[in-house]
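Treat the numbers as computed from the prediction; the structure is a model and nothing was measured. For the single chain, residues carry numbers from 1 onward in sequence order. Quick note: numbers below take in every heavy atom, side chains included, and nothing from hydrogens, waters or symmetry partners.
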Amino acid sequence: MNFEEKVLIGMVHLKPLPGSYLYDGNFDGVVEHAISEAKKIEEAGFDAIMIENFNDVPFSKTVEPITVASMTFIARTIKEEIPLPLGINVLRNDAIAAYSIAYTVKADFIRVNVLSGVAYTDQGIIEGIAPQLARLRKLLPSKIKVFADVHVKHAHHFGDFEEALSDAIERGLADAVIISGKRTGNEVDLKKLKRAKELSNVPVLVGSGTTYENLPELWKYADGFIVGTWIKKEGKTNNDIDPERAKKLVNLAEKLKASP
């Protein structure tokens, strides 16, 4: 991905996977839905795709082997059919699983909710996983990039934002950082986004709340945008992707790229 030209990453929110409380017993349906959503993202003209086990509520800090197996199968199927860069996010914070899946299917990046520091969440206290991930990256070298949230959504943070940003990059070894709003679909704090761009020597991505209306403003301060909610039907997170909304956002991004 060329962050110099800015990138749009479309989210595939997987249906409940085997082993999760809401799983309906139809794994073929889960796979077919994931492929359908990924193809909509490709056809709209996005630069990359990311999958995550978004509907495996209630989440745990790490996942069971069946989740890893299911996501690996889905990721490999998408990778075989769609030539876009692929990312993996394993909720709530299983970066070891995410990297393992990405390594196996030759994906391109992972998202890590809490790479360094501490987050107070509905799963309890989540501690940074940077040292464990660094050891795995050393053991299994690859070109997989680590995109790390700074003050991740759906969590409370008591540390200083700027210190957390520096720690993610300098001590957590993040390849890019993600700045989000408070919850899925919530707009990012523009002051934090601006500050992150001023202080970071790695790409800065918006992790939630990108819309057609605010993209021109966010465009000034971010290198990439992870988009899930706005491209869904009626802009509702739990709906399927709306191809027209997805294409509309891409068209706007192309205009912004072309503008001086």
- Message: Please find the pair of heavy atoms, one from Tyr221 and one from Leu190, that lie closest to each other, and give the distance.
- Response: CD1-CD1, 4.0 Å
- Gap separating the CD atom of Glu170 from the CG atom of Leu165, nearest 0.5 angstrom: 8.5 Å
- Quick one: do Leu249 and Phe225 satisfy side chain to side chain contact (heavy atoms under 4.5 Å, CB included)? Show the steps, please. CA-CA 11 Å; Leu249 193 69; Phe225 309 85; over 6 Å; no
- Query: What's the spacing between Asp56 CG and Ser70 OG if we round to 0.5 Å?
  - Reply: 8.5 Å
- Query: Is Val146 reachable from Leu205 through a run of hydrophobic residues whose side-chain heavy atoms are each under 4.5 Å from the next?
  - Reply: no
- Flag, side chain of Glu5 to backbone of Lys257, donor-acceptor distance under 3.5 Å: no
- For the pair Asn93 (side chain) and Lys61 (backbone), establish whether a donor and an acceptor sit closer than 3.5 Å, ignoring hydrogens and angles. no
- Query: If you draw a 6.0 Å radius around NZ in Lys191, do more than 12 non-hydrogen atoms from other residues or ligands fall strictly inside?
  - Reply: no
- Measure across Ile101 and Ala75 and return the closest heavy-atom pair with its distance rounded to 0.1 Å. CG2-CB, 4.2 Å
- Message: Can you tell me how the ring of Phe3 sits relative to the ring of Phe147, calling it parallel under 30°, perpendicular over 60° and tilted otherwise?
- Response: perpendicular
- Is it true that a side-chain atom of Ser208 and a backbone atom of Gly181 form a donor plus acceptor pair closer than 3.5 Å? yes
- Applying the 4.5 Å side-chain criterion to the ILVMFWY set and letting contacts propagate, would Val7 and Leu218 be lumped into a single cluster? no
- Task: Nearest 0.5 Å please: distance from the CG atom of Leu140 over to the OH atom of Tyr103.
- Result: 5.0 Å
- Query: How close do Asn214 and Gly209 get, heavy atom to heavy atom, and via which atoms?
  - Reply: ND2-O, 2.9 Å
- Message: In terms of relative ring orientation, are Phe158 and Tyr120 parallel, tilted or perpendicular, with 30° and 60° separating the classes?
- Response: perpendicular
- Message: Is the shortest side-chain heavy-atom distance between Asp240 and Lys40 below 4.5 Å?
- Response: yes
- Indicate yes or no: does Arg195 engage Glu198 in a salt bridge with an N to O separation below 4.0 Å. yes
- Item | Side-chain donor-acceptor contact under 3.5 Å, His154 with Thr121 | no
- Item | Side-chain (Ser200) to main-chain (Val202) donor-acceptor, under 3.5 angstrom | no
- Message: Do Val31 and Ile82 sit in one hydrophobic cluster, given that two such residues count as connected whenever their side-chain heavy atoms are within less than 4.5 Å of each other, even indirectly?
- Response: yes
- Leu17 and Met71: which non-hydrogen atoms are nearest, and at how many Å? CD1-CG, 3.5 Å
- Message: How long is the straight-line distance from CG of Leu115 back to CG of Asp149, given to the nearest 0.5 Å?
- Response: 9.5 Å
- Message: Side chains of Asn113 and Asn89, heavy atoms from C-beta outward: is any pair under 4.5 Å?
- Response: yes
- About how many Å separate CG of Asn26 and NZ of Lys15, when rounded to the nearest 0.5 Å? 10.0 Å
- Nearest atoms (heavy-atom pairs only) where Val105 meets Lys79: O-CG, 3.7 Å
- Query: Given the rule in the side chain to side chain contact (heavy atoms under 4.5 Å, CB included) test, do Leu14 and Val12 qualify, once you have shown the distances and angles that lead to the verdict?
  - Reply: CA-CA 6 Å; Leu14 301 176; Val12 173; 3.9 Å; yes
- Task: Look up atom NE2 in His157 and atom NE2 in His151, then write down how far apart they are to the nearest 0.5 Å.
- Result: 5.5 Å
- Side-chain heavy atoms of Ile179 within contact of Phe161, under 4.5 Å: yes
- For residues Phe109 and Met1, determine if any side-chain heavy atom of one lies less than 4.5 Å from a side-chain heavy atom of the other. yes
- Task: Examine Val63 and Leu91 and state if one hydrophobic cluster contains both, with Ile, Leu, Val, Met, Phe, Trp and Tyr joined whenever side-chain heavy atoms are less than 4.5 Å apart.
- Result: no
- Message: Can you confirm whether more than 12 heavy atoms, excluding those of Glu127, are under 6.0 Å from its CD atom?
- Response: no
- Task: May I ask you to say whether Lys197 pairs ionically with Asp223, meaning some side-chain N is under 4.0 Å from a carboxylate O?
- Result: yes
- Quick one: does Tyr212's side chain get under 4.5 Å of Arg245's, heavy atoms only? no
- Query: CD of Glu217: more than 12 outside heavy atoms within 6.0 angstrom?
  - Reply: yes
- Query: Going only through I, L, V, M, F, W and Y residues with side-chain contacts under 4.5 Å, is there a path from Val152 to Ile9?
  - Reply: no
- Task: Quick one: do Lys39 and Glu42 satisfy salt bridge (charged side-chain N to carboxylate O under 4.0 Å, His left out)? Show the steps, please.
- Result: CA-CA 5 Å; Lys39 285 183 176 178; Glu42 178 195 23; over 6 Å; no
- Smallest separation among heavy atoms of Lys232 and His13, with atom names: NZ-ND1, 3.0 Å
- When you measure from the side chain of Ser166 to the backbone N and O of Glu163, does any donor-acceptor pair fall under 3.5 Å? no
- Taking side chain as C-beta onward, heavy atoms only, is Thr77 less than 4.5 Å from Glu81? yes
- Does the side chain to side chain contact (heavy atoms under 4.5 Å, CB included) test come out yes or no for Arg92 and Ile126, once each step is laid out? CA-CA 9 Å; Arg92 180 67 160 99; Ile126 299 179; 3.4 Å; yes
- 4.5 Å side-chain heavy-atom contact, Ser20 and Thr67: no
- Message: Between Ile231 and Asp242, is the side chain to side chain contact (heavy atoms under 4.5 Å, CB included) condition met? List the steps.
- Response: CA-CA 6 Å; Ile231 60 175; Asp242 181 338; over 6 Å; no
- Message: Contact between Glu213 and Trp230 at the side-chain level, heavy atoms closer than 4.5 Å - yes or no?
- Response: yes
- Query: Would the number of heavy atoms belonging to other residues, nucleotides or ligands and lying under 6.0 Å from CD of Glu80 be above 12?
  - Reply: yes
